[in-house]
Amino acid sequence: MVSLTSSFKLLAQFAVFSAVLAADVNYVFNIANGNIAPDGFTRPAVLVNGVFPGTLIEATPADTLHITVNNQLTNPLMRRSTSVHWHGLFQGRTASEDGPAMVTQCPIAPGHSYTYDIPLRGQAGTHWYHSHLSSQYVDGLRGVIVVRDPNDPHLSLYDEDNANTVITLGDWYHNPAPGIQEIYMAGNNEPVPDSGTINGRGRYIGGPTVQRTRVNVVQGKKYRLRVVNISAYSGFTFSIEGHSLTPGHHC
Ligand SMILES: *[C@@H]1O[C@H](CO)[C@@H](O)[C@H](O)[C@H]1NC(C)=O
């Protein structure tokens, strides 16, 4: 009798909690080929909703993500099947939604769709997503997932935390990934990127003076920068001129 009462109580509490906080967060990823020029050099790419980096995913820890991937890829220079991995998110009891092609799912074939259903189960923080089919993410299918915790113990440390304070660092190549991969796998040197990008903009040697990413700040205000390494191969050193950095690490 006692245990029955307490389990009713637990159920009641859970119902209140989910009614207040949990939401179904829906995103549509139209994955298609498109020409982009992050560093001024135009090339075809594999893009989420036409942009590099892909659409920013924003949620809170009690939410369940529903991300519908519509595979509209057609360009034979790059991989045309796809799958998406949600890097950093634990998939307790949802391994089928993790993304690695040939491991937890079949690739999504061109012209087909798949909806990833991912209950966040209380996970917060800065994560990212990328294609998990061969080297396809090198061609552009990379983006960021921000799960903001309304009860973040560090809330008092910053005034601003929004889409403008997400900083992605990525390497970029002028040639499609399958060709680069083939050369590398044949025993040649590691691939050297043509440029590095910050929020999808960069410059290459001998290229045009592309307008770099600008993040406007107000002196005296505190900004939470969510710096994400969306690199395919290269390592990065990140610094802010005239400031010292004490990074908080999240993996
Ligand atoms: C960033 O990502 C690349 C590719 O996975 C990796 O080689 C590098 O070590 C990472 N870290 C830094 C700090 O650049």
Side-chain angles (χ1 to χ4, degrees), residues 29 31 36 38-39 41 43 45-48 51-57 78-79 82-91 98-104 107 123-147 154 161 163 165-205 210 212-213 215 223-251:
F29 277 14
I31 298 185
I36 56 167
D39 58 0
F41 178 93
R43 56 153 288 184
V46 175
L47 303 172
V48 175
V51 289
F52 170 74
T55 303
L56 175 66
I57 293 183
M78 294 166 287
R79 295 300 298 257
T82 195
S83 75
V84 185
H85 174 59
W86 319 96
H87 193 117
L89 295 180
F90 291 114
Q91 297 276 6
D98 198 41
M102 327 296 179
V103 181
T104 53
Q123 298 174 81
T126 310
H127 309 274
W128 66 299
Y129 62 82
H130 57 81
S131 160
H132 211 304
L133 177 75
S134 185
S135 55
Q136 188 183 51
Y137 92 67
V138 184
D139 288 323
L141 204 174
R142 339 174 191 172
V144 174
I145 305 164
V146 173
V147 187
H154 300 301
D161 173 28
T165 59
V166 173
I167 309 283
T168 60
L169 307 175
D171 50 359
W172 190 249
Y173 303 79
H174 290 172
N175 293 317
I180 300 173
Q181 181 184 345
E182 200 179 308
I183 293 167
Y184 178 46
M185 299 304 254
N188 294 293
N189 288 340
E190 296 176 355
V192 178
D194 292 290
S195 54
T197 63
I198 299 176
N199 291 5
R201 285 166 179 271
R203 292 178 186 179
Y204 66 96
I205 295 169
V210 167
R212 292 198 167 105
T213 295
V215 179
Y223 296 82
R224 176 174 183 165
L225 298 183
R226 296 176 181 266
V227 181
V228 192
N229 177 12
I230 62 165
S231 181
Y233 209 97
S234 314
F236 287 90
T237 303
F238 178 80
S239 62
I240 300 177
E241 205 174 353
H243 290 72
S244 56
L245 287 180
T246 312
H249 184 251
H250 175 84
C251 62

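Each ligand, and each atom within it, is numbered from 1 in the order the structure gives. Just so you know, these numbers use all the heavy atoms, side chains as well, and skip hydrogens, waters and symmetry mates.
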Student: Is Gly235 in polar range of ligand 1, meaning some N or O pair under 3.5 Å apart?
Tutor: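 No, no N or O pair falls under 3.5 Å.
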Student: Less than 4.5 Å apart, side chain to side chain, heavy atoms only: is that true for Ile198 and Thr168?
Tutor: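 The answer is no, as the side chains (C-beta and beyond) never meet within the 4.5 Å cut-off.
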Student: Counting non-hydrogen protein atoms only, what is the nearest one to atom 7 (O) of ligand 1? Give residue, atom name and distance.
Tutor: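 For atom 7 (O) of ligand 1, the nearest protein heavy atom is Tyr233 O, 3.1 Å.
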Student: Going by the atom numbers of ligand 1, which of them fall below 4.0 Å from some non-hydrogen atom of Ala232?
Tutor: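 Atoms satisfying the 4.0 Å criterion: 4 (C).
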Student: Answer whether the closest heavy-atom distance between the side chains of Val84 and His132 falls below 4.5 Å.
Tutor: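 Of all side-chain heavy-atom pairs linking His132 with Val84, none is under 4.5 Å.
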Student: Determine, considering heavy atoms only, which of Asn229, Asp171, Val227 sits nearest to atom 1 (C) of ligand 1.
Tutor: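 That would be Asn229.
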Student: List the closest protein heavy-atom neighbour of atom 3 (C) of ligand 1: residue, atom name, distance to the nearest 0.1 Å.
Tutor: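 Result: Ser234 O, 3.3 Å.
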Student: Are side-chain N/O atoms of Asp139 and Tyr137 paired as donor and acceptor at under 3.5 Å?
Tutor: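 Tyr137 and Asp139 do not have a side-chain donor-acceptor pair below 3.5 Å.
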Student: If we count only non-hydrogen protein atoms and require a distance under 4.0 Å, does atom 9 (O) of ligand 1 qualify as touching the protein?
Tutor: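 Looking at atom 9 (O) of ligand 1, one finds that no protein heavy atom lies closer than 4.0 Å.
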Student: Looking at Asp171 and Arg142, is any side-chain nitrogen of the basic one under 4.0 Å from a carboxylate oxygen of the acidic one?
Tutor: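 Salt bridge between Arg142 and Asp171, a charged N being under 4.0 Å from a carboxylate O: yes.
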Student: If we ignore angles and hydrogens, is there a donor and acceptor under 3.5 Å between the side chains of Asp98 and Thr104?
Tutor: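 Absent: no donor and acceptor within the cut-off.
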Student: For atom 14 (O) of ligand 1, what's the nearest protein heavy-atom neighbour? Residue, atom name and distance, please.
Tutor: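 That would be Phe236 N, 2.6 Å.
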Student: Distance to 0.1 Å, residue and atom name: give those for the protein heavy atom nearest to atom 5 (O) of ligand 1.
Tutor: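 Residue, atom and distance for the closest contact: Ser231 O, 3.9 Å.
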Student: Measure centre to centre between the rings of His85 and His130, then say whether the value is under 6.0 Å.
Tutor: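 Yes, the ring centres sit under 6.0 Å apart.
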